[in-house]
Amino acid sequence: MATQPLPGFRDFYPTDFAFRAHIFETWRRTCQRYGFEEYDGPPLEPLELFTTKSGDEIVGQLYNFTDKGGREVALRPEMTPTVARMVAARAGGMKKPIRWFSIAQHFRYERQQRGRLREFYQLNADLIGETGPLADAELIALSIDLVRGFGLGSGDVRVRLSDRRLIRRAFELRGLTEAQQQAVMQVYDKFGRVPQDVSLLKLQEAGLASGDIDALLRLAGVRDFAQLGEGTPDAASLLEAAQPLVEARNALVSMGLGEWIDLDLTIVRGLAYYTGTVFELFDAGRTLRAIAGGGRYDGLLQQLGGVDLPAAGFAIGDVVLGELLRERGLEPEAPAPVQVFVAGVTPEDTPEVLATAHRLREAGFRVEYALRPEAVGKQLKLADARRASLAVVIGPDDRARGEVQLKDLRHKTQLAVAVAELQAALTAALAT
RNA sequence: GUGGUUGUAGCUCAAUCGGUUAGAGCGCCGGACUGUGGCUCCGGAGGUUGCGGGUUCGAUCCCCGUCAGCCACCCCA
């Protein structure tokens, strides 16, 4: 029998599960602080829902099949088409802007690598029905707080910020053909990872004039709005196109998050449905894949749901973030499975052990006891292995006096407690 | 999908030039400790050396294939 999961799929042993739960809980709390409401959709959707947005080529990266009713279906590779459908179906009845988030498992049939599996969890946050730069800033702020919540700082994670409107303006100013624009985007995507002369050669091959090449490579190196118009006749036009982005950045500065932001026009973010602001979160050392990414996609709800609403959103995955947290030693300690271990001295004490344990469980304590008669020493050893803070030891003498021995396993102390006082004593001891 | 690289116990690793019954630590199970834990000591289980084939008297070791992990490319919604 196979003992390994399928390639790109993970087993979550209790330690792994606790780590995952910690990520989800931190995400959920943070989204709620921003007033976002949680939703979910079906993990299995009509294939068409995904090909409408991304074209037929995407099928190569989908877990798709024909179901027993003859329907072409696919496991969701992303959440956006589902949200678009859900929002569109009830758009008329919902107060705008809509703030929604989901934490859901997604599936992509791709060759796995570090930071990229065939199954992963992803938080999606979308803000629908608002076009202004403050909406973009709101989402970027949320994405920052989503990683801050784990103890990561602006020295660990950087936000790269760009805007399709600004890129488009730069292309228009230079009169680039569609093919040339594609070439520039490809060069931008690899900018900083390949030598400058390789980039240069690529752009020459695409037939760009040397003046255009200089201007576009200069833009690729811009890291601040002040640099945007430096030494170029395009200055006024570029700065005008950059206006929404400037406003979004200023909003983030007002929130005290300006430290996290780098202007970086080379972020490409795959396919072309982004219409405005785009951003990505990366580890500061750039050794991992992108942690999160998103932007404004004002035409997408019309295309997918038939309702014309502006929207922006982003996703953050559990895989790369998890790797970064492990790298930084920010994994939380898994919670102890047991708070109170109840031990009996003799087999005759077992009924009292069971009664006590169950009473404590009903009172909400996490309680365990030995499932067969064993020496007290053994039972305490088990209590220790289960990381119990407290032990309750019950023997014939204790029963005769209506007492139990309450033992604090952390502080190595012990005292006799009347049975009636036990719950109060446990609560008090756990608070120390 | 393409190329490179690595696979030995649950985990981390060892095994001389191709040589006898593949070892160690940690972990796990049991015992020494019959009213009190973490320590110590003793014992035990656990391996088709990823899998299949080839070369050889003999393969963990060399060769081929395959599967899986990792890395790069492609892609990245």
Side-chain angles (χ1 to χ4, degrees), chain A residues 2-11 13 15 45 49-55 57-62 74 76-84 106-118 120 122 124 185-186 189-190 193-194 267-274 278 280 287 289-295 297 300 303-304 313-315 317 319-320 323 338 341-349 370 373-400 403-416:
Chain A
T3 56
Q4 290 213 326
L6 288 168
F9 284 74
R10 296 169 290 178
D11 290 324
Y13 287 84
T15 314
E45 291 273 24
L49 186 65
F50 304 117
T51 53
T52 297
K53 178 186 160 202
S54 307
E57 319 82 63
I58 207 227
V59 176
Q61 262 114 78
L62 289 178
R76 61 180 166 209
E78 59 167 327
M79 193 53 109
T80 306
T82 302
V83 201
H106 296 77
F107 305 87
R108 295 179 187 175
Y109 194 87
E110 296 183 287
R111 184 76 160 259
Q112 72 161 321
Q113 254 176 69
R114 184 173 192 207
R116 183 171 81 182
L117 306 174
R118 288 180 169 180
F120 54 92
Q122 189 169 276
N124 268 76
M185 293 312 267
Q186 279 178 20
D189 191 31
K190 292 184 167 52
R193 283 184 290 147
V194 302
I267 76 174
V268 168
R269 291 221 48 76
L271 238 55
Y273 62 82
Y274 287 108
V278 287
E280 292 185 331
T287 58
R289 309 175 75 85
I291 299 166
Y297 42 88
L300 199 61
Q303 187 192 343
L304 288 172
F314 70 91
V319 180
V320 177
E323 279 167 7
V338 173
F341 195 97
V342 186
V345 176
T346 68
E348 288 68 41
D349 300 314
E374 279 185 299
V376 179
K378 283 246 156 166
Q379 296 181 65
L380 290 174
K381 209 170 270 194
L382 182 55
D384 193 56
R386 302 294 289 158
R387 297 193 287 148
S389 299
L390 305 173
V392 172
V393 182
I394 303 172
D397 301 347
D398 306 301
R399 282 191 289 127
E403 291 180 340
V404 299
Q405 299 296 320
L406 173 53
K407 193 173 174 60
D408 191 314
L409 296 167
R410 301 159 303 178
H411 306 128
K412 309 178 96 153
T413 57
Q414 179 169 334
L415 70 164

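Quantities reported herein were computed from a predicted structural model and do not represent experimental measurements. In what follows, chains are A, B, ... by sequence order, proteins preceding strands, each numbered from 1.
- Rounded to whole Å, the separation between the C1' atoms of B:rU66 and B:rG25 comes to 34 Å.
- Between A:Pro396 and A:Asp349 the shortest side-chain heavy-atom distance falls below 4.5 Å.
- Base pairing of B:rC61: no nucleotide in any strand meets the Watson-Crick or G-U wobble criterion (both distances under 3.5 Å).
- Among the heavy atoms of the strands lying under 4.0 Å from A:Gly8 are primed sugar atoms or P, OP1, OP2 only; no base atom is included.
- For B:rG18, there is no paired base (Watson-Crick or G-U wobble, both distances below 3.5 Å).
- Comparing the same atom, P, in B:rG19 and in B:rA59 gives a spacing of 11 Å after rounding to whole Å.
- The side chain of A:Val376 lies closest to B:rU36, out of B:rA77, B:rC76, B:rU36.
- When distances are taken from the side chain of A:Leu380 to each of B:rG38, B:rU36, B:rA77, the shortest belongs to B:rU36.
- Within the 4.0 angstrom heavy-atom criterion, base atoms lie near A:Ile58.
- No engagement by A:Pro81 is indicated, since no non-hydrogen atom pair under 4.0 Å with the nucleic acid exists.
- Donor-acceptor pairing under 3.5 Å, judged by distance alone, is absent between the side chain of A:Gln379 and the base of B:rU36.
- Residue-to-nucleotide contacts include no donor-acceptor pair under 3.5 Å from the side chain of A:Arg114 to the base of B:rC71.
- For the C1' atoms, the distance from B:rG31 to B:rC62 is 47 Å, rounded to whole Å.
- At the heavy-atom level, A:Pro77 lies under 4.0 Å from base atoms of the strands shown.
- Regarding contacts with the backbone of B:rG38, every side-chain N or O of A:Lys378 stays at 4.0 angstrom or more from both OP1 and OP2.
- The side-chain tip of A:Arg118 points at the ring of A:Tyr109 from less than 6.0 angstrom away and within 45° of straight on.
- Across the C1' atoms, B:rU49 and B:rU8 are found 4 Å apart, a figure rounded to whole Å.
- Taking 4.0 angstrom as the limit, A:Gln112 places a side-chain polar atom (N or O) nearer than this to OP1 or OP2 of B:rC70.
- Contact annotation: side chain of A:Arg111 to base of B:rC75, donor-acceptor pair absent below 3.5 Å.
- The partner of B:rU49 is absent, by the rule that a Watson-Crick or G-U pair needs both atom distances under 3.5 Å.
- Side-chain N/O atoms of A:Gln113 include one lying less than 4.0 angstrom from OP1 or OP2 on B:rA72.
- One P atom belongs to B:rG53, the other to B:rG58, and the distance between them is 15 Å to the nearest Å.
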